[in-house]
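What follows is a single structure, written as structure tokens, with notes after it.
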Amino acid sequence: MKTAIRRDMILHVEVVDLLNKQIMLEQKASSKYLAMASWCDQRELVNCKKYFYDQAEEERTHMMKIFKFINDNGGSAMSPEVPAVSHEFESMRGLFEASLDGEIEVTNAIHHAFKKSRQVGDFTSEMFLQWFVTEQAEEEEKVRDILDLIDLMEGMPLKMIDERIPTE
Ligand code: FEO
């Protein structure tokens, strides 16, 4: 006798699509941060370099968290195809402005997925995404603080600003 194995998905299909898009955005963020780490490395900005290496790792962790969540709940996580990222930055400020722009893009996508989860009654995803909502608020705040620091130290040598970039 044949046993039918059917795994019902607790997640809503529209939310899974958004979560798969989120996987790509997190991986893209990780790639962008690697490009930024290279820019800093070429200028011997050691704290800045560590900051972006750590960010790249963190974004990959976010990507994996969503990837496993989808698969663990009966969905199908898609390995992301990441668009090419720029390695050109005009200045240290330009670097962190690009970082903030990227974080805002991720935040907007998280909020959209969160709203969709609530709208379609996918409470599993809604609960899961709560962590990301908080995380994004912290991430944006961190970059804004660094931009304030750069503005405050305008005209100072890059190495001196680099010494103030948080590495933890
Ligand atoms: Fe995971 Fe900062 O986006």
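Indexing begins at 1, ligand by ligand and atom by atom, following the structure's order. Any value given below was found using the heavy atoms of this structure, including those in side chains, with hydrogens, waters and symmetry copies removed.
Within the 3.5 Å criterion, the main-chain N or O of T167 finds a donor-acceptor partner in the side chain of K50. The backbone N or O of D162 lies less than 3.5 Å from a partner atom in the side chain of N47, making a donor-acceptor pair.
Protein N/O/S atoms closer to atom 1 (Fe) of ligand 1 than 2.8 Å number 3 in this structure.
Applying the ring pair (Phe, Tyr, Trp, His ring centres under 6.0 Å) criterion to F67, with sequence neighbours excluded, gives no partner residue.
Through side-chain heavy atoms spaced under 4.5 Å, either directly or across other Ile, Leu, Val, Met, Phe, Trp or Tyr residues, M92 is tied to Y33, M36, W39, L45, Y51, F52, F89, L95, F96, L100, I104, V143, I146, L147, L149, I150, M153, M156, L158, M160, I161, I165. Hydrophobic side-chain contacts under 4.5 Å tie Y53 into a cluster, directly or through other members, with L34.
Electrostatic pairing of R60 and E26 does not count as a salt bridge here, judged by no charged N lying under 4.0 Å from a carboxylate O.
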